[in-house]
There are 2 protein chains.
Amino acid sequence: MNIGEIAHRAGVSRSTVSYALSGKRPVSAGTRKRIQDVIDELGYRPNATARALKEGRTRTIGLVIPPAGSRLTHMQLEFVGSVVDAAARVDLDVLLSPSGGDHDRSFERLVSESRVDGVILMEIRLQDARVGRLHRAGLPYVGIGHTDDDWQMCWIDIDYAGLIRHSVHHLADLGHRHVALVSRSPELVTAGYGPARRAQEGFTAAIRERGMEGVEVMCGDDARSGQECVERLLRDRAGLTGITTINEAALPGIQRALADAGLAVPSDFSVTGVAGRPWAEDFRPPLTAADVPAQDMGEKAVSLLIERIAAPQTPPRHILLSPPISLRSSTGAARADRSAHAAAQV
Amino acid sequence: MNIGEIAHRAGVSRSTVSYALSGKRPVSAGTRKRIQDVIDELGYRPNATARALKEGRTRTIGLVIPPAGSRLTHMQLEFVGSVVDAAARVDLDVLLSPSGGDHDRSFERLVSESRVDGVILMEIRLQDARVGRLHRAGLPYVGIGHTDDDWQMCWIDIDYAGLIRHSVHHLADLGHRHVALVSRSPELVTAGYGPARRAQEGFTAAIRERGMEGVEVMCGDDARSGQECVERLLRDRAGLTGITTINEAALPGIQRALADAGLAVPSDFSVTGVAGRPWAEDFRPPLTAADVPAQDMGEKAVSLLIERIAAPQTPPRHILLSPPISLRSSTGAARADRSAHAAAQV
DNA sequence: TTGTACGCGTTATCAA
DNA sequence: TTGATAACGCGTACAA
């Protein structure tokens, strides 16, 4: 079913059908009705491919996600969902590309075959070849996270440094003197994953500012790793009384390790950090944390990208989100004798 | 950058460039090299849109996911990931459409504008208008789950009825006489969500076969709902000693409710069901459950769809997966005096 | 072995 | 108010 067929049946030319649909030039009421009747009867819809070829745009955006091999965190998934929803709201389709590296075939298709009008790039690393690739291709893009150097690029990120710094200050105010930062997986951290690095910066800054003792550990993005990680921390660090983390997927494990050690939160031990709201609320007791606004980020990323597609030459905008820290119940005054108490439990 | 530009710079005709790329007719070594050099220099890749228009196929498949408003379960997300990965492996792109209903604009675009060569439809309900829509559009599709009248369509599903029936028999063998089925959310169940309905069938069948007492409850797809749901069950059903569930997202809540009630698993209370492996393994103690092979399903769905696209007229195939039940540690002999024991704890 | 010419479905432009 | 025609970029039958 194509526009020629419609034109034929309505007894008009193809251009008239096209104009009746687009309204870009007046069509007499009678003609329009005849055309509309045929269209309704046959259920005609213009072919997206032909239209894309003619218009030079696909009405599709690309979303580059980490390959599924490394399981996505809840927050990332929520982000994907919100991007797809936000795009659907403005009649844009979303093409998914699972690619971490630069030489990924699916990524290459995206950038060099004009399959999409723009790209949202997730999980950007501090040095990220994909950014250069997109830049050279002249394809509009928006990064979730940002590279080290680039003020050239348009991005949206969370102020992990500020939030973690803030959370450590919060612990310090409660009398904690020895705290740990539970970061993301070794793979990500060594790959130069921005949030991990910036969380680190914020952590060391706060530790220095308050003259505290601090330890940073990397931790896989899953409950098991979280558990092992905290077990190790508790064993090695007798004076430790608090944890701040950006690893939401590890939270259930952190919880279990503390419970197994007989430590009550927050009376014996405090936990805080940056996490998606569902994770924070599922913690027991509910986690005092900065709620990652994944929904919001998805929407903002889409509108930023649309802006960029419309005006590729305008100076890039950056959005650094600093969500408020929701004071729930997982932090409390430090307990000097954490280890003694725990030992007594056993 | 188009094929004409390449041809021009290489001093040949456009068709020669095209043939040099496709290999569909011999091109002399010298010419080929000249062409290749230009292509390499300019980084040329054929425009996907033009190619799609000419070839009549887009090399893209559509994946219809539930709208993000209702958060996706872990298993669904794993499925999305595996579909995208499997598709990428055979150089297919995946277009995401978040749509539950029939009149969704994004869904309509997918089926009526020829944006995709085929569709994978997630979370099918027993009566699902989308299936009819796809059928009428003549677009190849594969369902994850199946409708009531399922002969016409191609689908992959998990044998929830059989697995739940099996799990109840397992509990019966351990001496349980009074068990509950924790199903999915009221919304899904009333919408006629297949897995929920079939789990119900399997449950009632087994209950009848073993002359047990059984209760079915619907439960939201999140930890909180799971907790409330089990709290209610424990309060209302003094004799209850076991739960089987298809609601993996509720597992953490089930766990907490049991812990709060002072019930140890499996000595005081047994839990089993169907769940994604990560959920089962994160349960404490690890859950005896049928491991939903989400990865496998994604791959199978993609290859089934490819098959269908290649030969749309062949009789539809159905794949009913019945993953083995992994015996872990969450089920044990029934304890006659569950309520007495729990009371003693308090 | 290479070049010419056409068509895919739509829309802008020009002509009537 | 409408119709005819060209063009988007590619693939391929056909001619040379």
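Lettering of chains follows the sequences in order, A, B, ..., and the numbering in each one begins at 1. In what follows, every heavy atom counts, from backbone to side chain, and hydrogens, waters and symmetry copies are set aside.
Interface limits on DNA chain C: the 5'-most and 3'-most nucleotides within less than 4.0 Å of chain B heavy atoms are C:dT1 to C:dG9.
Closest heavy-atom contact between B:Arg130 and B:Ser99: NH1-O, 2.9 Å. Among all heavy-atom pairs drawn from A:Ala301 and A:Val142, the shortest one is O-CG2, 4.2 Å. Heavy atoms only, all atoms of each residue included: A:Glu123 and A:Asp128 are closest at O-OD2, 4.2 Å. Residue A:Thr49 comes nearest to B:Ala52 through the heavy atom pair CG2-CB, 3.6 Å, listed as atom of the first residue, atom of the second, then distance. Heavy-atom minimum distance, A:Arg125 versus A:Thr147: O-CG2, 3.5 Å. Contact detail for B:Pro293 and B:Ile158: the closest heavy-atom pair is CD-CD1, 4.1 Å.
Residue B:Asn47 contributes atom CG, which lies 8 Å from atom C1' of D:dC10 at whole-angstrom precision. Atom CZ in B:Arg14 sits about 16 Å away from atom P in D:dA13, given to the nearest Å. We find that CD of B:Glu5 is positioned 15 Å from C1' of D:dC10, with the value rounded to whole Å. Going from atom NE2 of A:His8 over to atom C1' of D:dT2 covers 18 Å, rounded to whole Å. Remark: P of D:dC10 and CD1 of B:Ile39 are 10 Å apart, rounded to the nearest angstrom.
Ionic pairing of A:Arg105 and B:Asp91 is present here: one or more N-O contacts between side-chain nitrogen and carboxylate oxygen are shorter than 4.0 angstrom. Salt bridge annotation for A:Glu113-B:Arg51: absent, with no cationic side-chain nitrogen under 4.0 angstrom from a carboxylate oxygen.
Of the residues in residues 17-35 of chain A, A:Ser18, A:Tyr19, A:Lys24, A:Arg25 come within less than 4.0 Å of DNA chain C through at least one heavy atom, sorted by number.
A sub-4.0 Å separation between OP1 or OP2 of D:dG3 and a side-chain N or O of A:Ser15 is absent.
For the residue pair B:Arg115 / A:Thr60, a side-chain donor-acceptor distance below 3.5 Å is found, with atom types taken as modelled.
By the 30° and 60° cut-offs, the orientation of the rings of B:His318 relative to B:Trp155 is parallel.
Comparing B:Val12 and A:Lys54 by the nucleotide of DNA chain C that holds the closest heavy atom to each, the one mapping nearer the 5' end is B:Val12.
Rounded to 10°, the angle separating the first-five-pair axis and the last-five-pair axis of the helix from C:dT1-D:dA16 to C:dA16-D:dT1 equals 50°.
No more than 12 heavy-atom neighbours from other residues, nucleotides or ligands sit within 6.0 angstrom of CD on B:Gln127.
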